[in-house]
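Encoded as structure tokens, the structure appears first; notes follow it.
So that the names make sense, note that chain A is the first sequence line, chain B the second, and so on, each numbered from 1.
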2 protein chains.
Amino acid sequence: MAKTPTKAGASRSVDAITADLVAVLVAVTDGAPKIMTIAGGSALPSGPFEFTHRSLQTGLRAWVEAQTGHPLGYLEQLYTFADRGRSGDAKAPHSISISYLGLTREDQVGAGFAAHWSGWYDYFPWEDHRDGAPPFIAKLLTPRLKAWAKSADSSPLQRERWQRCAITFGLDNRDWNEELVLQRYELLYEAGLIPEANRGNGRETSVVPGKPMTSDHRRILATGLARLRAKIKYRPVVFELMPSEFTLLQLQRSVEALAGRLVHKQNFRRLIEQQELVEETGAMAADTVGRPAKLFRFRHGVLAERAVAGTKLPLSRT
Amino acid sequence: MAKTPTKAGASRSVDAITADLVAVLVAVTDGAPKIMTIAGGSALPSGPFEFTHRSLQTGLRAWVEAQTGHPLGYLEQLYTFADRGRSGDAKAPHSISISYLGLTREDQVGAGFAAHWSGWYDYFPWEDHRDGAPPFIAKLLTPRLKAWAKSADSSPLQRERWQRCAITFGLDNRDWNEELVLQRYELLYEAGLIPEANRGNGRETSVVPGKPMTSDHRRILATGLARLRAKIKYRPVVFELMPSEFTLLQLQRSVEALAGRLVHKQNFRRLIEQQELVEETGAMAADTVGRPAKLFRFRHGVLAERAVAGTKLPLSRT
DNA sequence: CATCTTATGCTCACGGAGAGTATAAATGGC
DNA sequence: GCCATTTATACTCTCCGTGAGCATAAGATG
């Protein structure tokens, strides 16, 4: 290799590759978080990057809109990686995948498309802690993680493994950290507890509940969820998922759906109001149980007014 | 376009492209933040992605190590974008750039390489607020931004533009937000105050001080600095830039160099200690002015112990 | 010894955030 | 019509993180 770090490749043969765009499209309907899938829920929507696209962002945007019939409000790049084994050649990556996170609403997606919405907790059942930790974590998962930790070669390695399990899954009386979606997925992969880990070796066993996806799509999905869970805490992105008018409880339910855990109602309202993220429409919610709630709309002005505007989560510890 | 969002491109002609890897390599020496540059400081080191690379990350890592003679401790993907006009064809992007942020130490880079270190505030003089806001912001920049805001078509657009200026540059008694590096760069670009904005139209004028770079490299650099300034607040990445032993003041100076603003000394120490990020080596710093300081080293254990470990910045408001 | 510089310990006050209590306003069953 | 239930909304209380400042210690230098 040339000693001078310059664009050395320009003078020799250039390795040409292809680029794919992969989308994690999220919606929340009635407190149920959804993601757009194709192929019967086994893959994320993806398509090739073409020369007609002016840029990656506009390429994906145009492309998604053609698929779903709805303009994407929010679109954010997630991660880029080189795929191996996708084009058959297992050694060298000849294809690059650029993944994006997009936020929409389910009702805005046109009918008659092959893509459909799937529940995101179908793919990550261990991520939903709204009713407390799912029982299978303690019953089924924890013993398997313990066994995996024990199977390490040396004693310090065993401790290190278990520490990692405890941190990512909130075991040993540690707090549950909802942002570690990707770390948990990767841990389960390494421990061989999900089907993706055992591909090719004959026994594609699924120890832990949760639907797998083709290729590394579930990993991309985990990346998207992690990003979104982190982002709702310091940017008002939840509103991209809400209808134009909503009650504060509906807003709270959406946040809880994304975060996978409950928030303290009064504190949540305090935060939303003191940040002036919403304004009253004047109308009240109809067909409700209990005392009717005021309807609110998002104040788009805050996006311009502030450099950072969050939707901090007043998380309950109980 | 096919209605079904599937890998439609697989069945037709595939648009092949090339991929470049671009690196933002950062070091801090004696409180001076540096970045690695090539071509006399006018470009970031970059090289083509080749089939021999097993993955993007390892590709860049091997590649940088060959250039600098030093293994990179920390490497993180920044952003991917499609380049236009680079291959001559201005319309369609045929090349993709994948940028990375890497952290090293200057003294660890081997000699005899064409790449060399440049001060990062040479490229972003408006970002260094360690001695208060640079005078040229008030004297030179603010009037130009005001003029640019005024030049908008409508009155609300003018107000919107000025609001954006005020937020990003902390004008009108707003607080300076050191994380908005990219937003500031893009604003200066839009306002036509930096050479990059006026390329091709004959007069490549530079209203504001600061060295330009070829292509969009200064934008990539801005992306890297923004990411780093944000990251030091919740991940202990500063230690990647420190020698194995250091005093707390040296650590503080490095943080200040990155953040571009001063921190409260006592509070900084309190944070570092209560987070148990460092441990005493037992030795004291030699050849110092004033009372000698204890030497510390980074406790690598914290990376495993905690999911999140920050180096929060106790920023002074004065 | 006086002074300068840096290191280090301690206190104080404010505000944000978690958590709980209390009250209001609607619906539906009996 | 009354009561249970559900949701909305208003307050309060307390703890602790954090910004800020004061005070003292420990070295060098003249």
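Qualifying ring-ring contact (aromatic ring centres under 6.0 Å, His included) partners for B/F298, counting only residues two or more places apart in sequence or in other chains: B/F239, B/H300. The side-chain hydrogen bond (donor to acceptor under 3.5 Å, both in side chains) search around B/E273 returns none, not counting sequence neighbours. Every residue two or more places apart in sequence or in another chain was checked for a side-chain hydrogen bond (donor to acceptor under 3.5 Å, both in side chains) with B/Q250, and none qualifies. Residues passing the salt bridge (Lys or Arg N to Asp or Glu O under 4.0 Å) test with A/R184 are A/E127, sequence neighbours excluded.
With C/dG9, D/dG19, C/dT21 as the candidates, the nucleotide lying closest to the side chain of B/Q266 is C/dG9. Comparing atom distances between the A/K265 side chain and each of C/dT6, D/dT7, D/dA20 picks out D/dT7 as nearest. Comparing D/dA8, C/dT21, C/dA7 against the side chain of A/L249 picks out D/dA8 as the nearest.
Residue A/E280 contributes atom CD, which lies 14 Å from atom P of D/dA8 at whole-angstrom precision. Between the P atom of D/dC22 and the NE2 atom of B/H264 lies a distance of 11 Å, rounded to the nearest Å. Rounded to an integer number of Å, the gap from A/Q274 CD to D/dT9 C1' is 16 Å. The CD atom of B/Q252 sits 11 Å away from the C1' atom of C/dA7 (whole-angstrom rounding). Across the protein-nucleic acid pair, A/F296 atom CZ and D/dT7 atom C1' stand 14 Å apart, rounded to whole Å. In this structure, B/R269 atom CZ and D/dG21 atom C1' are separated by 16 Å, rounded to whole Å. Between the CG atom of A/L295 and the P atom of D/dT7 there is a distance of 16 Å, rounded to whole Å. Atoms CG (A/N267) and C1' (D/dA8) sit 15 Å apart, rounded to a whole Å.
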Nucleotide by nucleotide, nucleotides 25-30 of chain C touches protein heavy atoms under 4.0 Å in the pattern (B base, S sugar-phosphate only, - none) BB----

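Taking only distance into account, the side chain of A/R270 never meets the base of C/dG16 through a donor-acceptor pair shorter than 3.5 Å.
Judged by distance alone, the side chain of B/N177 and the main-chain N or O of B/E179 form a donor-acceptor pair under 3.5 Å.
By the 30° and 60° cut-offs, the orientation of the rings of B/Y185 relative to B/F124 is perpendicular.
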Indicate every side-chain donor-acceptor pair of residues 136-145 of chain B with a distance under 3.5 Å to a residue at least two apart or in another chain.
{"unit_1": "B/T142", "atom_1": "OG1", "unit_2": "B/I137", "atom_2": "O", "d": "2.6"}

